[in-house]
Amino acid sequence: MMNDMKKYNFRVAEKKWQERWEENGAFQVTEDRQKGKYYCLVMFPYPSGKLHMGHVRNYAIGDVIARFYKMLGHNVLNPMGWDAFGLPAENAAIKNRIPPDKWTWGNIDSMREQLQSLGLSYDWTREVATCHPEYYHWTQWLFLHLYHNGLAYKKKQAVNWCPSCSTVLANEQVVAGHCERCEHEVIKKDLEQWFFKITDYADRLLDDLEKLPGWPEKVKSMQENWIGRSQGAEIKFTAENGKGITVFTTRPDTIFGVSYMVLAPENPLVEELIQGKAQANQVREFVAKVRNQSDIERTSVEGEKEGIFTGAYATNPLSGEQVPIWVANYVLMEYGTGAVMGVPAHDQRDLEFARQYNLPVKVVIQPIGDDLGAATMTEAYSEQGIMVNSGMFNGLDSEVARLKISAYIQEQGLGEEKVNYRLRDWLISRQRYWGAPIPIIYCDHCGTVPVPEEELPVLLPENVAFEPGSESPLHTDGFLKTTCPQCGGPAHRETDTMDTFVCSSWYFLRFCSARDKEQAFDKESVQYWMSVDQYIGGVEHAILHLMYSRFITKVLHDHGLVPVDEPFTNLLTQGMVLKDGTKMSKSKGNVVSPEEIIGNYGADTARLFILFAAPPERDLEWSDEAVEGAYRFINRVWRLAQHLLPEIKEAEVLPGDSLALGRAEKDLRRIIHTTIKRVSDDIKIRFNFNTAVSAIMELTNALYHYTEGADRKSPVQNGVLREGVTTLLTLLAPFTPHLAEELWEAIGAEGSVHDQKWPVVDQDALKEDEINIAVQINGKVRDHIQIPVGLKGKELEELVLAQPRVKELLKGKELAKVICVPNKLVNLVVRVHNPEK
RNA sequence: GCGGGAGUGGCGGAAUUGGCAGACGCGCUGGAUUUAGGAUCCAGUGGGUUAUACCAUAAGGGUUCAAAUCCCUUCUCCCGCACCA
């Protein structure tokens with residue numbers, strides 16, 4: 001019947017509609033206050049020059065959401081830009097002798113073209129690139145804003161240095177001791193660097209996670225983990241030379257169990273304590289050895305704790321006991337105070353250390369109904385219990401004792417309650433060229449001077465020379481030498497640039513007024529568009545980008561510049577695209593190129609496959625066969641529409657309730673409207689695009705079945721068919737925009753399918769007179785019967801019991817109970833009739 | 001170790017509030033059409049049986065008229081953090 005038709009020419013159609021949408025400015029938006037806004041944002045890409053399947057998935061998901069909300073009548077902002085600074089451009093410059101800016105802009109052009117070939121509904125008039133002076137001007141402004149508010153500072157400390165990238169890295173960019181970008185081992189270097197004071201916001205970044213019910217639990221718990229808040233107390237011990245040694249502990253209730261103290265090897269107190277001690281030189285050797293170890297060596301080997309006795313002792317401020325002071329590799333200088341009290345009975349690490357070096361173990365908390373043996377225990381007891389060996393606190397519950405001891409310490413001036421965080425300040429300077437220059441000037445006379453706002457942007461010099469292994473080209477006189485804005489004397493510029501994560505921590509604000517030349521963002525526009533209603537991206541940014549963006553948003557909010565204090569209301573983290581069970585990568589040779597797929601099957605097929613193959617949060621296994629399946633479906637829809645053209649072109653959709661519809665028409669209308677409901681809910685409530693697509697496929701199948709057999713030519717029948725086809729096309733529009741638009745035109749419908757209102761469910765059409773329910777006996781399905789909808793209680797029970805098959809099965813059995821679930825099933829609970837013996 | 005998530009046909013995956021397990025698609029089988037192949041359309045497809053029965057949601061136990069779904073025990077896999085005191 002439909003085998004003599006030509007195929008859908010996706011190449012012609014996709015090109016035609018992409019051009020037409022662009023000509024019409026179909027996706028440009030303004031702040032239309034008459035309409036409700038919807039800000040849909042997909043994490044902007046680094047312009048590597050080549051789109052990969054992960055991008056396709058990312059942007060296809062975003063596009064469905066954007067198009068869907070537009071059809072629902074929202075004013076949708078769906079912008080795109082480029083996270084365009086970064087090291088690859090410099091590496092390419094060295095390798096190919098192309099300046100970083102030229103290389104980057106070339107990549108942007110080719111990637112934009114690839115994105116456009118996917119038919120994405122972006123408002124390209126708002127495109128931004130972080131490497132454009134009109135963008136980094138405002139990144140520099142942001143830096144100054146933080147600087148003037150005391151949130152940007154320069155400090156010398158041991159920082160992460162990647163020898164391969166020749167730059168420092170933030171803690172967040174070091175993964176298990178290796179560079180996040182190039183995987184080279186990271187070493188520690190003492191350097192003076194710029195930091196953003198994100199730790200000031202630690203509590204709010206943590207607490208406000210509760211305000212984000214639209215974020216995945218996983219991401220929230222990762223951030224919680226990363227911030228690592230721990231409540232405890234700082235307690236001052238006194239060394240024999242009179243010096244105080246302050247420790248941080250979360251368990252002040254165990255203080256009577258301290259049997260030794262440990263200092264971090266980097267702790268400056270070590271040198272003071274070993275003065276004149278016999279073991280001084282051995283301790284120095286040990287410290288030198290540990291300091292030479294990389295972080296990985298020092299932390300990776302589990303259980304291998306090493307330490308050395310300093311020869312000095314300290315006094316426990318509560319018990320008055322003298323305990324030995326050790327130095328050990330398991331104590332970190334960067335956390336807490338760089339000193340720890342050793343309580344082996346109640347801390348696993350301390351117990352391991354104590355056993356290794358034969359240090360005493362003293363139990364001060366007994367579990368209820370148990371008796372710990374200090375000499376024999378191999379597992380520290382870190383739970384709560386009853387206080388023992390703890391002087392005036394004996395007999396108390398340890399939780400009560402924790403509070404009492406904290407209060408006591410505070411009263412006596414021995415210490416104070418304290419909260420510590422794992423989170424460190426954000427190190428933002430990079431010793432690289434291709435980034436936003438930090439707008440700071442150093443004057444011999446005036447010191448550190450910020451570049452005045454009116455002198456921004458501090459431009460990157462162009463046409464710079466790149467040599468392998470050389471230092472940043474910003475060290476040349478042309479850039480370096482300047483005059484002091486305060487005294488006019490000779491001065492030099494800061495040569496470090498900013499971490500690219502600074503650029504991406506505010507781009508969602510720039511999109512609100514992307515072409516603004518006067519300011520970073522227009523307050524009114526931000527007021528209208530923010531926050532982002534739906535943010536979409538990979539889970540690899542769970543901590544880095546997402547936490548930095550939250551931080552910057554909170555800072556700007558506090559200063560009255562942004563109305564919201566959280567940037568992203570809802571977050572969707574999409575899974576990876578896999579092939580043969582692993583991530584696609586060049587080295588594994590399992591890369592499928594989007595260009596090739598789009599070339600062979602079209603953008604609609606690529607989009608449909610990727611949305612149908614798995615729910616968005618889960619990893620997706622690439623399948624060439626399933627791509628064929630998506631392609632087949634698209635042609636199946638096209639053939640259906642072509643076949644029905646003569647009937648439906650002139651047909652009119654009649655109002656549903658006024659029709660004298662036949663059985664088949666009623667059934668079809670019910671399917672049409674349940675499909676609308678299913679697709680709407682799947683997109684809106686659950687983001688399950690895979691089940692949305694499957695519902696659309698079922699509707700397509702139903703339309704095929706309806707057209708089968710006898711000719712249907714009456715106006716009523718054609719009206720229902722037209723309703724079916726137009727509904728199918730509008731539901732398809734967010735998923736396969738070109739196909740939907742092409743067929744929309746073909747059936748002679750008005751305007752663009754993308755300007756249509758999302759179809760509304762006709763509740764009457766959903767109604768059924770009769771329904772098929774299951775009859776169970778003892779929970780097993782034994783029969784199906786057709787009953788009038790809504791039948792329940794006694795009537796239903798009688799009807800079921802009258803069924804011949806049911807009668808048969810109940811013979812010789814006693815009916816104990818009947819469970820009726822209206823419109824679902826009836827369960828007959830029976831006992832085998834067993835006469836008394 | 002701590003935290004998060006997952007385990008369902010040959011495969012990707014459905015099952016929304018405890019109510020007919022396996023929607024939809026891939027693959028496979030059969031039929032129609034075709035000189036033939038491909039494409040297309042229709043039908044079938046968890047295991048088992050001639051057909052019932054029966055067995056099936058990682059494994060085992062429990063609650064319930066009824067469990068993939070709730071509770072307990074165990075196993076496996078993925079992701080994040082990991083000597084943070």
Side-chain angles (χ1 to χ4, degrees), chain A residues 1-5 7 175-176 216-226 228-230 232 247-251 254 262 298-305 328-332 334-343 347-350 352-353 420-423 539-540 542-543 575-576 608-609 612-615 617-630 632-633 635-636 639 678 681-682 685-686 688 690-698 700-701 704-705 708 772-784 816-819 821 823-830:
Chain A
M1 169 176 74
M2 301 184 199
N3 55 354
D4 54 342
M5 283 176 198
K7 263 194 167 175
V175 179
E217 278 311 312
K218 181 186 167 133
V219 173
K220 286 191 278 188
S221 84
M222 280 167 77
Q223 292 208 358
E224 206 178 309
N225 234 314
W226 189 263
R229 184 183 200 274
S230 59
V247 297
F248 174 72
T249 178
T250 54
R251 294 293 301 269
T254 65
V262 196
R298 201 165 146 183
T299 58
S300 69
V301 194
E302 236 173 88
E304 272 205 26
K305 298 181 179 27
N329 62 349
Y330 77 97
V331 175
L332 309 171
E334 305 93 71
Y335 187 77
T337 59
V340 162
M341 60 186 210
V343 189
D347 183 289
Q348 188 58 29
R349 294 155 302 183
D350 295 347
E352 283 164 24
F353 191 73
N420 258 313
Y421 302 92
R422 218 186 71 107
L423 180 73
V539 76
E540 66 272 18
I543 296 168
M576 288 188 294
L608 192 71
F609 159 73
F612 179 59
E617 308 232 55
R618 234 189 277 186
D619 286 348
L620 179 155
E621 175 69 27
W622 184 265
S623 157
D624 291 329
E625 292 79 17
V627 173
E628 291 273 357
R632 254 192 319 248
F633 173 72
N635 280 293
R636 189 168 152 83
R639 278 192 306 273
R678 286 170 68 189
D681 289 352
D682 280 349
I685 301 170
R686 307 197 307 154
N688 281 7
N690 55 332
T691 49
V693 172
S694 81
I696 294 172
M697 286 172 168
E698 285 180 67
T700 308
N701 292 343
Y704 264 88
H705 286 140
E708 231 178 75
N772 193 271
I773 66 159
V775 179
Q776 297 183 332
I777 294 176
N778 287 345
K780 312 223 166 190
V781 180
R782 282 296 120 94
D783 200 7
H784 283 98
K817 202 174 173 185
V818 179
I819 311 277
V821 184
N823 300 335
K824 283 257 167 76
L825 56 74
V826 172
N827 189 11
L828 306 170
V829 186
V830 300

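So that the names make sense, note that chain A is the first sequence line, chain B the second, and so on, each numbered from 1.
Qualifying ring pair (Phe, Tyr, Trp, His ring centres under 6.0 Å) partners for A/Trp226, counting only residues two or more places apart in sequence or in other chains: none. In this view, A/Asp347 and A/Arg349 satisfy the side chain to side chain donor-acceptor pair (under 3.5 Å) rule, not counting sequence neighbours. Not counting sequence neighbours, A/Arg636 has no partner by the salt bridge (charged side-chain N to carboxylate O under 4.0 Å, His left out) test. Partners of A/Lys218 under the salt bridge (charged side-chain N to carboxylate O under 4.0 Å, His left out) rule, at least two apart in sequence or in another chain, do not exist in this structure. The salt bridge (charged side-chain N to carboxylate O under 4.0 Å, His left out) search around A/Arg251 returns A/Asp253, not counting sequence neighbours. A/Tyr330 is linked by a ring pair (Phe, Tyr, Trp, His ring centres under 6.0 Å) to A/Phe353, counting only residues two or more places apart in sequence or in another chain. When the salt bridge (charged side-chain N to carboxylate O under 4.0 Å, His left out) test is applied to A/Arg229, the partners found at least two apart in sequence or on another chain are A/Asp203.
Atom CG in A/Leu332 sits roughly 10 Å away from atom P in B/rA85 (whole-Å rounding). The OH atom of A/Tyr335 sits 4 Å away from the P atom of B/rA85 (whole-angstrom rounding). Atom P of nucleotide B/rG38 and atom CG of A/Asn635 are separated by 18 Å, given to the nearest angstrom. One can place CE of A/Met341 at 20 Å from P of B/rC83, the figure rounded to the nearest angstrom. Across the protein-nucleic acid pair, A/Met576 atom CE and B/rG5 atom P stand 18 Å apart, rounded to whole Å. Distance, A/Asn778 CG to B/rC54 P: 11 Å, rounded to whole Å.
In the interface, the side chain of A/Lys817 is not paired with the base of B/rC65 through any donor and acceptor atom under 3.5 Å apart.
Heavy atoms of A/Arg229 sit nowhere under 4.0 angstrom from any nucleic acid atom. Here A/Val331 lies in heavy-atom contact (under 4.0 Å) with a base. No contact: A/Lys220 has no heavy atom under 4.0 Å from any strand.
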Distances under 3.5 Å between nitrogen or oxygen atoms of protein and nucleotides 44-46 of chain B:
none

Taking only nitrogen or oxygen atoms into account, show me every contact under 3.5 Å that the protein makes with nucleotides 28-30 of chain B, one pair per line with its distance.
none

Could you list all N or O pairs between the protein and nucleotides 76-81 of chain B that sit under 3.5 Å apart?
| residue | atom | partner | partner atom | Å |
| --- | --- | --- | --- | --- |
| B/rC79 | O2' | A/Lys218 | NZ | 3.1 |
| B/rC81 | O3' | A/Arg422 | NH1 | 3.2 |

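No hydrogens or angles considered: nothing links the side chains of A/Asn420 and A/Ser230 as a donor-acceptor pair under 3.5 Å.
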Contact string for nucleotides 14-27 of chain B, one letter per nucleotide 5' to 3', B = base within protein heavy-atom range under 4.0 Å, S = sugar-phosphate only, - = neither, reads SSS--BB--BBSSS
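Here the NE2-CG distance, from A/His784 to A/Asn772, works out to 5.5 Å after rounding to the nearest 0.5 Å.
Judged purely by atom type and a 3.5 angstrom limit, A/Asp682 uses its side chain to pair as donor or acceptor with the backbone of A/Ala692. Not one N or O on the side chain of A/Asp350 forms a donor-acceptor pair closer than 3.5 Å with the backbone of A/Gly342. Formation of a donor-acceptor pair under 3.5 Å by the A/Asp783 side chain with backbone atoms of A/Ala774 is not found in this model.
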Encoded 5' to 3' (Watson-Crick or G-U under 3.5 Å; [ ] crossing; | other strand), RNA chain B becomes (((((((..(((......[....)))((((((.......))))))((......))..(((((..]....))))))))))))....
I would like to know whether A/Ile777 and A/Val830 meet side-chain contact (heavy atoms from CB on, under 4.5 Å); could you show each step before the answer? CA-CA 7 Å; A/Ile777 294 176; A/Val830 300; 3.8 Å; yes
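Contact between A/Asn827 and A/Asn778 at its shortest, heavy atoms only, is OD1-N, 3.4 Å.
Both A/Val829 and A/Ser230 lie near RNA chain B, and the one whose nearest nucleotide falls closer to the 5' end is A/Val829.
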